[in-house]
Amino acid sequence: MVREDIEIEYGTKHTHRQLPIDLTKNLLICNVKKDNWEQYLDGSAKIYYTGKKFPTTVALNKLYYFMPYLSGKGIRDLYYIKIARLGYRKEGQENEDKNDLRLVFEIERVGQLFDDYKKVKLDIWRTFTDTTMEEIIKI
């Protein structure tokens, strides 16, 4: 059964809310603290820094999409992960702590996946959730 709001284009490619998405691709949902909301609310976010420890059940080269989870609000916007690399939370600053190594996702906004924010459960240490586009479209 195909949902009415998903039009099948070909193969695994679908259009949801005018966004071309691949339902078979892995999606990472990450918590964003309130002091970093602004860039996600206006869609200008270009980078996401993980915590010092990054648990995932999916190989980094298999992660394709990213959704910021705004604490207390939920998920709404979809981003594409362009690059996953190591870096520092305070990149480019003179006082950067060289021991503060983080996983850095360089991201690009695809668009708004849902009309309004939807709450989801963040599974891994209550900060990250690995899932697929197919699973997230079901909510």
Side-chain angles (χ1 to χ4, degrees):
M1 180 178 206
V2 178
R3 286 179 38 170
E4 292 177 14
D5 61 343
I6 300 176
E7 300 170 17
I8 297 176
E9 290 180 345
Y10 54 89
T12 58
K13 300 284 183 183
H14 293 67
T15 301
H16 179 76
R17 300 203 53 179
Q18 308 297 319
L19 303 177
I21 57 175
D22 187 332
L23 296 183
T24 67
K25 297 295 186 183
N26 291 310
L27 166 71
L28 181 68
I29 300 172
C30 296
N31 189 45
V32 174
K33 296 179 181 170
K34 282 193 175 186
D35 57 347
N36 292 321
W37 274 20
E38 187 176 324
Q39 60 186 335
Y40 293 98
L41 288 172
D42 69 13
S44 67
K46 300 290 182 201
I47 201 161
Y48 176 81
Y49 297 91
T50 71
K52 291 181 182 181
K53 294 182 181 179
F54 180 72
T56 182
T57 59
V58 178
L60 292 179
N61 64 344
K62 300 288 185 189
L63 290 174
Y64 194 83
Y65 293 111
F66 167 84
M67 289 191 87
Y69 182 93
L70 304 186
S71 301
K73 288 178 77 82
I75 58 172
R76 184 190 70 181
D77 299 312
L78 182 66
Y79 289 79
Y80 164 69
I81 298 173
K82 297 190 313 187
I83 297 171
R85 63 177 173 81
L86 290 177
Y88 298 94
R89 178 67 178 95
K90 298 178 179 180
E91 289 181 343
Q93 295 182 12
E94 288 181 25
N95 61 348
E96 116 184 13
D97 180 354
K98 297 297 182 190
N99 296 314
D100 188 21
L101 199 58
R102 307 288 178 108
L103 187 59
V104 179
F105 291 105
E106 294 183 18
I107 55 177
E108 183 176 307
R109 188 171 185 267
V110 176
Q112 189 172 310
L113 193 64
F114 302 114
D115 289 328
D116 200 1
Y117 288 92
K118 297 192 180 282
K119 294 201 175 196
V120 294
K121 181 181 176 193
L122 296 178
D123 294 324
I124 306 172
W125 296 351
R126 299 182 183 156
T127 305
F128 307 99
T129 294
D130 298 327
T131 187
T132 63
M133 283 303 300
E134 185 173 31
E135 288 301 313
I136 211 67
I137 289 292
K138 292 178 183 177
I139 65 169

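The basis for the numbers below is simple: all heavy atoms, side chains too, and nothing from hydrogens, waters or symmetry mates. Everything numeric in this text was worked out from a predicted model, so none of it was measured.
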### Message
Could you report the tightest heavy-atom contact between Tyr65 and Asp22, atom names first, then the distance?
### Response
OH-N, 3.0 Å
### Task
Say whether, by atom type as modelled, one donor and one acceptor occur between the side chain of Tyr79 and the main chain of Lys46 under 3.5 angstrom.
no
## Note on the structure
d(Leu23 CG, Ile136 CD1) to nearest 0.5 Å is 12.0 Å
### Query
Are the side chain of Thr50 and the backbone N or O of Leu103 linked by a donor-acceptor pair below 3.5 Å?
yes
### Query
What are the two closest heavy atoms between Gln112 and Asp115, and how far apart are they?
NE2-O, 3.1 Å
### Task
Start with the C-alpha gap between Met67 and Phe114, add the side-chain angles, then the distance that decides, and say whether side-chain contact (heavy atoms from CB on, under 4.5 Å) holds.
CA-CA 11 Å; Met67 289 191 87; Phe114 302 114; 4.1 Å; yes
### Task
Report yes or no: do Val104 and Ile29 belong to one cluster of Ile/Leu/Val/Met/Phe/Trp/Tyr joined by side chain heavy-atom distances under 4.5 Å?
no
### side-chain contact (heavy atoms from CB on, under 4.5 Å) between Arg102 and Leu86, intermediate numbers included
CA-CA 6 Å; Arg102 307 288 178 108; Leu86 290 177; over 6 Å; no
### Query
Of the non-hydrogen atoms in Lys33 and Ser71, which two are nearest, and what is the gap between them?
CA-OG, 4.4 Å
#### Entry: Check: Lys73 side chain, Lys119 main-chain N or O, donor-acceptor pair, under 3.5 Å
no
### Query
Does a side-chain heavy-atom distance below 4.5 Å link Tyr69 with Leu122?
yes
### Query
Is Leu27 close to Thr132 at the side-chain level, that is, under 4.5 Å between some pair of heavy atoms?
no
### Query
Is any side-chain N of the basic residue among Arg85 and Glu106 closer than 4.0 Å to the acidic one's carboxylate O?
yes
### Over 12 non-hydrogen atoms of neighbours within 6.0 angstrom of NZ in Lys82
yes
### Query
Are Arg76 and Asp116 close enough, and set up right, to give a salt bridge (charged side-chain N to carboxylate O under 4.0 Å, His left out), and what steps lead you there?
CA-CA 6 Å; Arg76 184 190 70 181; Asp116 200 1; 5.8 Å; no
### Query
Say you draw a straight line from CZ of Arg109 to CG of Asp42; how long is it, rounded to the nearest 0.5 Å?
9.0 Å
### Message
Tell me whether the rings of Tyr48 and Phe66 are parallel (<30°), tilted (30 to 60°) or perpendicular (>60°).
### Response
tilted
### Task
Taking the side chain as every heavy atom from C-beta outward, state whether Phe105 and Ile47 have any pair of such atoms under 4.5 Å apart.
no
### Message
Pair Tyr80, Tyr64 - check ring-ring contact (aromatic ring centres under 6.0 Å, His included), show working.
### Response
CA-CA 6 Å; Tyr80 164 69; Tyr64 194 83; 5.2 Å; yes
### Query
Any donor-acceptor pair under 3.5 Å linking the side chain of Trp37 with the backbone of Val32?
yes
### Query
Hey, are the side chains of Leu113 and Ile137 touching, using non-hydrogen atoms and a 4.5 Å cut-off?
yes
### Query
Gly74 and Tyr117: which non-hydrogen atoms are nearest, and at how many Å?
O-CD2, 3.5 Å
